[in-house]
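Worth knowing before you read on, the calculation uses all heavy atoms, side chains too, and leaves out hydrogens, waters and symmetry mates.
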Amino acid sequence: MTSAVGLRTHRSGELGEANIGDEVTLCGWVAKRRDHGGVAFIDLRDASGVVQVVIHDEAVAHPLRSEFCLRVTGTVTRRPDGNDNPNLPTGTIEVEATTVEVLNEAAPLPFPIEEHEATQISDEVRYKYRYLDLRRAESAQTIRLRSAVNNAARTVLLGDGFVEVETPTLTRSTPEGARDFVVPARLQPGSWYALPQSPQLFKQLLMLVGLDRYFQTARCYRDEDFRADRQPEFTQLDIEMSFVVEDDVIALGERIVSALWALIGYEIPLPIGRITYAEAMRRYGSDKPDLRFGVELVDCTEYFAGTSFGVFQAAHVGAVVMPGGASQTRKVLDGWQDWAKARGAKGLAYVLVGDDGELKGPVAKNLSETEVAGLADHCGAQPGDCIFFGAGTERSVKALLGAARLEIGKRCELIDESAWAFTWVVDAPLFEPTSETDDVAVGAGAWTAVHHAFTSPKPEHLDTFDTDPGSALAYAYDIVCNGNEIGGGSIRIHRRDVQERVFEVMGLTPDEAEEKFGFLLEAFKYGAPPHGGIAFGWDRICALLSGASSIREVIAFPKTGGGFDPLTSAPAPITDAQRKEAGVDFVPEPTSTTAS
RNA sequence: GGUCCCGUGGUGCAGUUUGGAGUGCACGCCGGCCUGUCAAGCCGGAGGUCGCGGGUUCAAAUCCCGUCGGGACCGCCA
């Protein structure tokens, strides 16, 4: 790899003892200046690393400041005895400067770039000056890793004959899913483009094209509230294949994921295990279980079937055991109640198992003798443990206890932070009731797709999914890593009649379906092949690989929680002229009132 | 839409519980000294409307209300 071009002959970090005696010209930034008055040392940083430059002319060295951009010519020399710096890859050599050219001065920095300790600069400041933040080796490394991640996936896919296709980012608003970002259409006032939430429909059309295998690093947009792992715009590695079954897509997914984790020196044991959605929910209370630790949920519905304790007279009662939890103070146990309330639960019932096996706590007093006698055994609790209970609908209990399980994992330090636990979650339900909450159901019999409307039912449910939507399973698969969903996909519906029946279950009339997906239904008329695919959450994967706590760290110019770009101050008002031209304020004729 | 935490010179913090003069620490910045440092060292200096608004009080960084910004979470995210 040649790195010597243009204004320089070498790059700082690539110099070594082999260069001793060479005259070199380097370009870079002043990472540190140590001026002894007579001799001064400059740590010169460029993309490749840092090398120490020695300047003996005080008049030259004195004006230099942090982050000045320099061009330095000098001779590479062995450092004097005893002056090696073992912390620096170039620590045995230095460059004796003969000329130092200041290419550009730098203003005093808004925050320290070169830090000696891990003092955390606030995200707000770092992202406002992201171009300075990314000068820091640690920050820059995540961006470089992301490039390597792209390259590794691309290598796998191109080697398999995949075709990379760019799909539109100005497209049509489609129902279902998240809120769209919309863009006014100047030439058709009152009409709007939508930014894609995913290239889903286009990639299916590409299968109709006969491309056979497609991929794209696709930017996606969803106008929902943000989180540490959610940005308004994000990236998916989007993949679709023709004439495949579930196992083919899963096999490809495993090869990609293996190639990615190989970048950080981890070999994923293949094949990655599979767990059904039902089993994941039953054992872990989650469709994206963190398998780095045990602690499984226990079903107590039968156990408390005849209980006289009102709280446990519920459709579903579950439990999860906190190892050693019996020693928690009353204050900590009260904290769990607040924790549960923050999640919309009434509280978190608990029973403490004493060292002598005796059950303690307010709940224990309400249980019958027989209930008390077998409870620890039923839940698998040992003396000294704490058993947490949830009671209510199965869905709410699983959600609460699943979250409690994760919290237990954290508090009891059961999670091996260096571990990687992958699993496929398969056989998710095809539909779920539109309103499966503890509230009164809104429209009875209304179903919505768990994945999306184009997911095929499993072959064995193809005939019955519309007569028995509740038990139909989807031909879908999610890949989960350490409790994070890092990818998901499905075998799609390729038959128009099946697609129409799915729309019907979802309550979409033929007219509505025609209006919203007419182009897709039309396309399905012309020999649509069986196909399926997967999309990986690229930001999340990069964050996992780089150990970042937020996907913001792996995005070059991220936004804050409010969707605000601290660097450009977007979004921002536009001028009246722009408003007029864009047709933003166009008021449609009141022809129909179908707003909903 | 909801819950919780945070906001103090350029940066990171302490000070807030129990009101008493903008008090302190580390880094950075400016000036000076210094020929082997690498978190260089030593001496001196500058820099603040304690996010903003209102209230309570003789007195508010501190207590109360509101608001803005940031962060975490719930709802939401096919």
**OP:** Answer yes or no: does a side-chain N or O of A/Asn83 lie under 4.0 Å from OP1 or OP2 of B/C38?
**Re:** no
**OP:** State, without any angle test, whether A/Glu96 and A/His56 hold a side-chain donor-acceptor pair at a distance under 3.5 Å.
**Re:** yes
**OP:** Establish, with yes or no, whether the OP1 or OP2 oxygen of B/G71 is under 4.0 angstrom from a side-chain nitrogen or oxygen of A/Arg552.
**Re:** yes
Original post:
Is B/C50 paired to anything, Watson-Crick or G-U wobble with both distances less than 3.5 Å, and if yes, which nucleotide?
Top reply: none
Original post:
Does a side-chain N or O from A/Arg343 land closer than 4.0 Å to OP1 or OP2 of B/G75, or not?
Top reply: no
**OP:** Scan side-chain atoms only and decide if A/Tyr477 and A/Asp427 contain a donor-acceptor pair under the 3.5 Å cut-off.
**Re:** no
Subject >> Contact check, side chains of A/Val30 and A/Asp43, non-hydrogen atoms, under 4.5 Å >> reply: no
Original post:
Does the side chain of A/Ser66 get closer than 4.0 angstrom to OP1 or OP2 of B/G28 through an N or O atom?
Top reply: no
**OP:** Compare side-chain N and O positions of A/Arg227 against OP1 and OP2 of B/C74 and report whether any pair is under 4.0 Å apart.
**Re:** yes
Original post:
Taking a pair as Watson-Crick or G-U wobble with both distances under 3.5 Å, which nucleotide is matched to B/C33?
Top reply: B/G41
**OP:** With heavy atoms under 4.0 Å as the rule, sort A/Pro110 into base, sugar-phosphate or nothing.
**Re:** sugar-phosphate
**OP:** Using only side-chain N and O atoms of A/Arg34, determine if any of them is under 4.0 Å from OP1 or OP2 of B/U37.
**Re:** no
Original post:
Considering only the P atoms, how many Å lie between B/G70 and B/C34, rounded to the nearest integer?
Top reply: 49 Å
